[in-house]
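Data first, discussion second: the structure below is written as C-alpha cells.
Labels below follow one simple rule: chain letters A, B, ... track the order of the sequence lines, proteins then strands, and each chain is numbered from 1. For clarity, every value in this text was computed on a predicted model and none was experimentally measured.
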Number of protein chains: 4
Amino acid sequence: MVYNKTEKILEKQQLRSQKIIKAVREILSEKDMGKVSIKSIAQKAGIATGTFYLYFADKETLIDTVVQEIYQELLEHIKNERAQYSNGFDKLQATMEVCIQLFMKEKHLAKTVLVDVPQKNTALNSKYTYIENDLIRLAKIDIDELMDKQLIPKQDTLVSAIAFVGAFREVILSWISTGEPLDSELAQKTLIEYNMRALGRYII
Amino acid sequence: MVYNKTEKILEKQQLRSQKIIKAVREILSEKDMGKVSIKSIAQKAGIATGTFYLYFADKETLIDTVVQEIYQELLEHIKNERAQYSNGFDKLQATMEVCIQLFMKEKHLAKTVLVDVPQKNTALNSKYTYIENDLIRLAKIDIDELMDKQLIPKQDTLVSAIAFVGAFREVILSWISTGEPLDSELAQKTLIEYNMRALGRYII
Amino acid sequence: MVYNKTEKILEKQQLRSQKIIKAVREILSEKDMGKVSIKSIAQKAGIATGTFYLYFADKETLIDTVVQEIYQELLEHIKNERAQYSNGFDKLQATMEVCIQLFMKEKHLAKTVLVDVPQKNTALNSKYTYIENDLIRLAKIDIDELMDKQLIPKQDTLVSAIAFVGAFREVILSWISTGEPLDSELAQKTLIEYNMRALGRYII
Amino acid sequence: MVYNKTEKILEKQQLRSQKIIKAVREILSEKDMGKVSIKSIAQKAGIATGTFYLYFADKETLIDTVVQEIYQELLEHIKNERAQYSNGFDKLQATMEVCIQLFMKEKHLAKTVLVDVPQKNTALNSKYTYIENDLIRLAKIDIDELMDKQLIPKQDTLVSAIAFVGAFREVILSWISTGEPLDSELAQKTLIEYNMRALGRYII
DNA sequence: CATGAATGAGCCTTCATTCAT
DNA sequence: AATGAATGAAGGCTCATTCAT
C-alpha cells in the first residue's frame with residue numbers, strides 16, 4: 001500500500017510538473033508571447049503560484065527543464081529520421097530536412113531553441129548543452145566519416161560542422177522572422193545544397 | 001574665450017556620454033553579464049543615477065545608441081577592407097577575413113553584436129537594422145554579381161547570403177566561447193573555404 | 001464550505017480595501033497633510049507597498065475610489081433628509097442643515113470633500129463629478145421650481161445655485177478651520193437665512 | 001560710492017527677483033500650465049537654475065512671495081475702486097464688480113488665488129493670510145456698518161461676510177472652469193443681487 | 001500538500017538642491 | 001555672482017519568492 005501510495009504520489013507529481021512545463025511551452029508558443037511570469041505560468045497550469053515552488057526550486061530551474069525537454073524531443077526526431085540512411089551525405093541532408101519541417105511547423109519553439117536559449121548561454125557561460133551543440137556533434141560525426149572515406153577534402157571537421165549548423169540556423173531564423181520565401185522549394189533546395197556543396201563533395 | 005569654454009564643455013559632455021556607453025559595453029561584456037540597470041550603469045560609469053538622464057533621454061535611447069555605435073564601427077572596418085578588391089569572391093573572402101580578425105580581437109564586441117543585440121530583435125521586433133542584416137545585404141550583392149556573371153550556379157541568393165553569414169557567425173561565436181582551435185590557421189581556412197565552396201564556385 | 005470560504009476571503013479583501021481607503025482618508029485628514037505616496041499609504045494601512053496593488057490597479061484608481069465613496073456617503077445623507085419635505089424652501093433648508101450637521105461632525109471628511117478633491121479637479125480637469133456639482137445640481141432643481149412657481153424673482157438659477165453652495169462651503173470651511181463660533185446657533189441661522197434671503201423669497 | 005554701489009546691487013537684485021516672480025506667474029498663466037519646476041522657472045526667467053537660489057531660499061519661499069504679490073495687487077485694485085463710494089452697499093457691489101472684471105480677465109491668476117493657494121492653507125495650517133481672508137475682512141467692515149445703521153437685519157456679520165465671499169468665489173470659479181454663461185450680463189447681475197439680497201437690505 | 005495573499009527588493013524616472021568652476 | 005552639471009532621495013510600479021492558513 002505504501003509503495004502504491006508513493007507511486008501514485010510520484011505519478012501525480014510528474015503530472016503536475018508536466019502541466020507546468022506545458023504551460024510554459026504554451027506561453028512561449030503564443031503569437032504575442034505573453035509575460036513569462038510565475039503568475040501567468042501558474043494560471044495557465046491551473047495551479048496557485050505558491051504551488052509552483054513545490055515542483056521547481058525557482059524560475060530558472062523551470063526554464064532549464066523546459067529547454068532540456070524541447071531539446072530531447074528534437075533530437076529524438078532527428079535520430080529517427082537519420083536512422084533510415086547509411087550514407088553520410090544522406091544523413092546530413094535528412095537531418096536538415098527534418099529540422100526544416102519541424103521548425104517551420106513550430107516556429108515559436110524554433111525561436112526558443114535557436115534564439116532565446118542560446119542567448120542565455122553564450123561565451124563562457126555555457127551552463128546548458130544546447131541543441132546547437134548536439135546538432136553540431138551529430139554533423140561532425142557524419143563529416144568525419146565522409147572525410148575518412150575521402151569523399152570530401154581534408155578540413156577541420158569541427159569548424160565545418162559548426163558552420164553547417166550555423167548556416168542552417170540563420171536561414172531558418174530568417175524564415176521565422178520574415179516568413180518563408182515565395183519560392184519555398186527553391187529556397188529550401190538552396191539551403192540544403194549550400195551546406196552540401198560547402199562540405200566539398202567530390203564531383204564524380 | 002567663450003568659444004573655448006563651449007568647446008571644452010562639449011568635449012567634457014562627449015566624454016561623459018562615452019563613459020556611460022563604455023560602462024554599458026563593459027557590463028554587456030562581463031562574464032556573468034551583470035544586470036543592465038540604470039543604477040549599475042551609473043555605478044560603473046562613476047556617476048549618479050540622475051546624471052545619466054542628462055546624457056540620454058532614457059534607457060532605451062542609450063541601448064540604441066550603443067548598438068548603433070558598435071555597428072558603425074564594424075561596418076567601417078569591413079567597407080575599408082572590401083574596397084581593395086573588385087572580384088566578388090575576393091570581396092567576400094576579404095569580408096570574412098576582416099570580420100574574423102576584428103571579432104577575435106574584440107570578443108566582447110563580437111558577442112554583443114552577434115548575440116546580445118540580435119536576440120532583442122528577432123521576429124517582428126526588428127526595430128534596429130542589425131549588423132547581421134547589413135552583412136547579409138553586402139554578401140547578397142556579391143553573390144548576385146557572381147551569379148549574374150555565371151560564376152556560380154543558379155540559386156536563391158538571399159538564402160545563400162543568409163547561410164553565408166550564419167555559418168560565419170556560428171563559427172566565430174564558437175571560437176569566442178571555447179577559444180580558438182589549436183590549428184587556428186586550418187580552422188580559419190576551413191571556414192573561409194566552407195563558405196566559398198558552398199556558393200558553388202565553378203572549378204575551372 | 002467552499003461558499004463560506006469564498007465569503008470569508010471576500011470579506012477579508014473588503015477589509016483590506018477598506019483599510020487602505022481608510023489609510024488614505026487618514027492621511028488626507030492629518031493636520032500637516034502628509035504625502036499621499038503609495039509608501040505612506042501602505043505604511044499607514046500596515047501593508048507592504050506591493051500589497052497595495054493587489055487591491056487597486058494604481059494610485060489614481062485608489063483616489064477615485066476614495067472620492068466616490070465619500071460622495072456617496074454624503075449624498076445618501078442629504079437625500080434621506082430632503083425626502084421629508086415637499087416645499088422647495090424647506091428642502092433647501094434641510095439640505096443645508098444636514099450638511100452642517102454632517103460636516104461639523106466629520107470635519108476631515110468635509111475638508112476632503114470641499115477642499116482636497118475639488119482642488120484636483122478645477123478647470124478643464126473635471127474628471128470626477130464632485131460633490132459640489134451634485135449639490136449644485138440639487139439646489140438648482142429646487143431653485144428652478146421656486147422660480148417656476150414665482151415664489152422668487154427671475155434669475156439665472158444656475159448662478160444662484162452655485163452661489164448658494166459656495167456661500168455654504170466657505171462658511172463651513174471657516175468653521176472647520178477656526179472652530180465653530182461661540183454663538184453657534186446664531187451663526188447657523190445666519191448662514192441659512194443668508195442663502196434663503198439671497199434667493200429672494202417674496203415676503204408675503 | 002559705496003552707498004551707490006550697494007544701491008545698484010540691491011536694485012539689480014530686485015530686478016532679478018522680479019524676473020523670477022514674473023516667470024512663475026507666466027507659467028501659472030499658461031493655458032496648459034506647464035510644469036512649475038525650478039528648471040522651467042529659471043529657463044523662463046533667463047537665468048541658470050543655480051542662480052535661483054541666490055534670490056530665494058527655496059521653492060516654497062518663491063511660491064509664498066508670488067502669492068503675496070498677487071494678493072497685494074488685487075487688494076490694491078479693490079481698495080481703489082471702493083474708495084469712490086461711501087455707501088456700504090455700493091462699496092460691496094463695487095468690490096464684487098472689480099473682482100469679477102479682474103478675475104475674468106486673468107483667469108489663471110484667479111485660479112491660483114482662489115484655488116491653488118487656499119488649498120495649501122486650509123484648516124489649522126493657515127500660514128498665509130490669503131486673499132479670501134482679506135476680502136472677508138473688507139466685506140465684514142461694510143456689513144457691520146450696514147447693520148449698525150440698521151439697514152440690514154441683525155446677523156452674525158462674520159458669517160455673512162464669509163458667505164458673501166464664498167458665494168462669489170464659487171461662481172467665479174465655475175465661470176473659469178466652464179466659461180462664462182451665454183447671458184453674461186444676467187449672470188453677473190444674478191450674482192451681485194444674490195449677495196446683496198442675502199444681506200437683507202430692507203426694502204423701502 | 002495546496003493555496004494565493006503578502007512581501008519587499010528592485011526598476012526607471014523626476015526634480016529640488018548643491019557645488020566646483 | 002553666476003552657472004548648470006551633478007546629485008540622490010523619492011515616487012509609482014513589477015514580480016520572484018515566501019508563508020500562514
Side-chain angles (χ1 to χ4, degrees), chain A residues 9 12-13 16 35-43 45-63, chain B residues 2 5-6 8-10 12-13 15-17 35-43 45-62, chain C residues 5-6 8-10 12-13 15-17 35-43 45-63, chain D residues 9 12-13 16 35-43 45-63:
Chain A
I9 286 168
K12 208 175 160 194
Q13 283 197 345
R16 277 277 169 106
K35 304 209 165 188
V36 195
S37 65
I38 296 298
K39 206 176 184 178
S40 66
I41 291 169
Q43 228 161 44
I47 60 170
T49 60
T51 308
F52 170 82
Y53 288 90
L54 297 175
Y55 296 94
F56 295 92
D58 53 22
K59 198 184 178 182
E60 202 180 350
T61 303
L62 169 66
I63 297 295
Chain B
V2 171
K5 198 180 171 187
T6 303
K8 249 187 193 165
I9 286 169
L10 282 177
K12 209 176 162 190
Q13 284 197 345
L15 235 82
R16 283 270 184 165
S17 276
K35 303 228 159 190
V36 194
S37 66
I38 296 296
K39 209 176 183 177
S40 66
I41 291 169
Q43 228 158 45
I47 59 172
T49 60
T51 308
F52 169 81
Y53 291 91
L54 295 176
Y55 295 93
F56 295 92
D58 51 25
K59 196 186 176 183
E60 202 179 349
T61 303
L62 169 67
Chain C
K5 198 179 168 188
T6 304
K8 247 188 195 164
I9 286 168
L10 282 177
K12 208 176 161 190
Q13 283 197 345
L15 235 83
R16 282 271 186 164
S17 275
K35 302 225 160 190
V36 193
S37 67
I38 296 298
K39 213 175 183 177
S40 67
I41 291 168
Q43 231 159 42
I47 59 172
T49 60
T51 307
F52 169 82
Y53 290 91
L54 294 176
Y55 295 93
F56 295 92
D58 52 25
K59 197 185 175 183
E60 203 179 350
T61 302
L62 169 67
I63 297 296
Chain D
I9 286 169
K12 208 177 162 191
Q13 283 197 344
R16 278 276 170 109
K35 308 211 161 183
V36 195
S37 64
I38 296 298
K39 206 173 182 179
S40 65
I41 291 169
Q43 228 160 45
I47 60 170
T49 60
T51 309
F52 169 83
Y53 288 89
L54 296 175
Y55 295 93
F56 296 91
D58 51 24
K59 199 185 177 181
E60 203 180 348
T61 304
L62 169 66
I63 297 296

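When all heavy atoms are compared, the tightest approach of C:R16 to C:T51 is NH1-CG2, 4.1 Å. In this structure, A:K59 and A:S37 approach most closely via the heavy-atom pair NZ-CA, 4.4 Å. Taking every heavy atom of both residues into account, B:A57 and B:T61 meet most closely at CB-OG1, 3.8 Å.
When each of F:dT7, E:dT3, E:dT7 is scored by its nearest atom to the side-chain atoms of A:I47, the top-ranked nucleotide is E:dT3.
Residue D:Y55 is in sugar-phosphate contact alone, with no base atom involved, counting any heavy-atom pair closer than 4.0 Å across all strands shown.
In this entry the distance linking CD1 of D:I41 with C1' of E:dC15 reads 12 Å, nearest Å.
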| note | Once base and sugar-phosphate atoms are separated, protein heavy atoms under 4.0 Å mark nucleotides 12-21 of chain F, 5' to 3', with B, S and - as SBBSSBB---
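Between the NZ atom of B:K39 and the OG1 atom of B:T49 there is a distance of 8.0 Å, given to the nearest 0.5 Å. Note that the CD1 atom of A:I41 and the CG atom of A:L62 stand 5.0 Å from one another [nearest 0.5 Å].
Partners of B:S17 by side-chain hydrogen bond (donor to acceptor under 3.5 Å, both in side chains), not counting sequence neighbours: none found. Applying the ring-ring contact (aromatic ring centres under 6.0 Å, His included) rule to D:F56 yields the partners D:F52; only residues at least two apart in sequence or on another chain are considered. Shown here are the ring-ring contact (aromatic ring centres under 6.0 Å, His included) partners of B:Y55, two or more places apart in sequence or in another chain: there are none.
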| field | Pairing pattern in dot-bracket form [Watson-Crick, G-U; both distances under 3.5 Å; | = partner strand] for DNA chain F | value | .||||||||||||||||||||
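Phosphate proximity of E:dC1 to A:R16: absent, as no side-chain N or O sits under 4.0 Å from OP1 or OP2.
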